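Numbered from 1 within each chain, the chains take letters A, B, ... in sequence-line order. Note that the structure is predicted; figures quoted are calculated from it, not measured.
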There are 2 protein chains.
Amino acid sequence: MNVKTLCLGFLAMREATGYEIKKEFEEGFFSHFIEASYGSIYPALNQLAAQALVTVREEEQEGKPDKKVYAITEAGRAVLGKWIAVVPARDRYKSEFLFEMMLQQYLSREHVVMAVETQLAHLRSELENIKHCRGKCVDPGMLSGGPDFVLGYGETVLTAAVSYLELKLVELGVPQAPSVAAE
Amino acid sequence: MNVKTLCLGFLAMREATGYEIKKEFEEGFFSHFIEASYGSIYPALNQLAAQALVTVREEEQEGKPDKKVYAITEAGRAVLGKWIAVVPARDRYKSEFLFEMMLQQYLSREHVVMAVETQLAHLRSELENIKHCRGKCVDPGMLSGGPDFVLGYGETVLTAAVSYLELKLVELGVPQAPSVAAE
DNA sequence: GCCGATATATATCCGTTCGACATATATCGG
DNA sequence: CCGATATATGTCGAACGGATATATATCGGC
């Protein structure tokens, strides 16, 4: 599933600029399971426009740089249906944290504790983000099933991970869960 | 955390060939949170050897291709400690499955059910793999903390995901969980 | 008041990495 | 006997990530 498909999929929900897409891939509904850099988003949008799967509308702004707003076309919606109707590939998961934990014997106890606490902070901030996304989700005529399903999945998995690490911190002899504010 | 570090980290546990490293990244202890292709593993091993962080021993075999067995050096263990003693970066997670679920409205109900069942099969096979790894883990003088911690983390997260999807399948009106043999 | 940091916005560059392919041999099942 | 699978190393092109460049406006701190 390449960046072109990801951008087209996002534009199927609402029109946006390249900058906004990147931001939403970092903070929005898609942030838990999608990653893409400017270096791949901007070329992808150009290609989509060249194939007439999206339209571009240049808007001049005062005090801010001009922007190019991309919107999906009917042809775009049609090919999107084809591009995503494939047997989903295995999830891909990479974790520096677990790699370090695997090689604990090469690290000091202090570093291990720090790494676990860092990971906990990351997981908790993602959980916060999901709650925030749920808040945005209720009012608009939002496609109900999709986001709900996806946010629930993320919430379930992250909550389980947090519980596991909190337990492990106790086993490591760390006083108490330093509350949510320990970012 | 680049492929060079990953290979060095693996070789810190036992000596191996490039082929074996790739296999273990797919099936072994590291498989749940590490990915690397031949196209990056073989060049990485050559670089590690050039820096004298690993040694190479060429072994001729009958009926099989010759192999190059890589083993970490003392210098290698020293730099490994430095390379992994960094604040771990955020986990990276990409999921075609969740992307498709987000865009359910562009898919048929049959496809959604198929996608969920495929995902369930993937998760269950990973869980099986973890159990299998635990089996291998007990007897050798294996570094106890590391693998245990990591396998437990994976087990926790995967189990939570499986439960969530089983529930969603019922909500989708799919008769019954088609047992573990539904790969 | 000015200086640095942050936000908005697009774009390109280089290095890393992936996925597919090439090569070679041996075994196993239909 | 033929194709698939396993062992083993390696390369190549395309995709991709991370950093940087460019331009402007605002906001907070000293």
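Between B:Ile41 atom CD1 and D:dT11 atom P there is a gap of 14 Å when expressed in whole angstrom units. When the C1' atom of D:dA8 is taken as reference, atom CG of B:Leu45 falls 13 Å away, rounded to whole Å. Regarding B:Tyr70, its OH atom lies at a distance of 11 Å from the C1' atom of D:dA8, rounded to whole Å. D:dG10 atom P lies 12 Å from atom CD1 of B:Ile21, rounded to whole Å. In this structure, A:Arg90 atom CZ and C:dC18 atom P are separated by 17 Å, rounded to whole Å. Here the P atom of nucleotide D:dA8 and the CZ atom of B:Arg57 are 13 Å apart, to the nearest Å. At whole-Å resolution of the value, CG in B:Asn46 and C1' in D:dT11 are 12 Å apart.
Its side chain outside the 4.5 Å cluster rule for every partner, A:Leu167 clusters with none of the Ile, Leu, Val, Met, Phe, Trp and Tyr residues. Applying the under-4.5 Å side-chain rule to Ile, Leu, Val, Met, Phe, Trp and Tyr, the cluster around A:Val69 consists of that residue alone. Apart from A:Tyr19 itself, the hydrophobic cluster it occupies contains A:Tyr38, A:Tyr42, where clustering links Ile, Leu, Val, Met, Phe, Trp and Tyr at side-chain heavy-atom distances under 4.5 Å.
Between its two ends, the helix from C:dG1-D:dC30 to C:dG30-D:dC1 turns its axis by 40°, counting five pairs per end and rounding to 10 degrees.
Remark: A:Arg92 engages B:Glu35 in a salt bridge (Lys or Arg N to Asp or Glu O under 4.0 Å) (not counting sequence neighbours). For A:Glu126, the salt bridge (Lys or Arg N to Asp or Glu O under 4.0 Å) test picks out no residue, with sequence neighbours left out. Contacts of B:Phe97 classified as ring-ring contact (aromatic ring centres under 6.0 Å, His included), with partners at least two apart in sequence or in another chain: none.
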Check: Tell me, for nucleotides 15-24 of chain D in 5' to 3' order, what letter each nucleotide earns: B for a base near a protein heavy atom under 4.0 Å, S for only sugar-phosphate near one, - for neither?
Finding: -SBB----B-
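The phosphate of D:dT7 has OP1 or OP2 within less than 4.0 Å of a side-chain N or O from B:Tyr19.
Sorted pairs that involve residues 67-95 of chain A and meet ring-ring contact (aromatic ring centres under 6.0 Å, His included), not counting sequence neighbours, are lacking altogether.
Ring orientation note: the planes of B:Phe30 and B:Phe25 are tilted relative to one another, at an angle of 30° to 60°.
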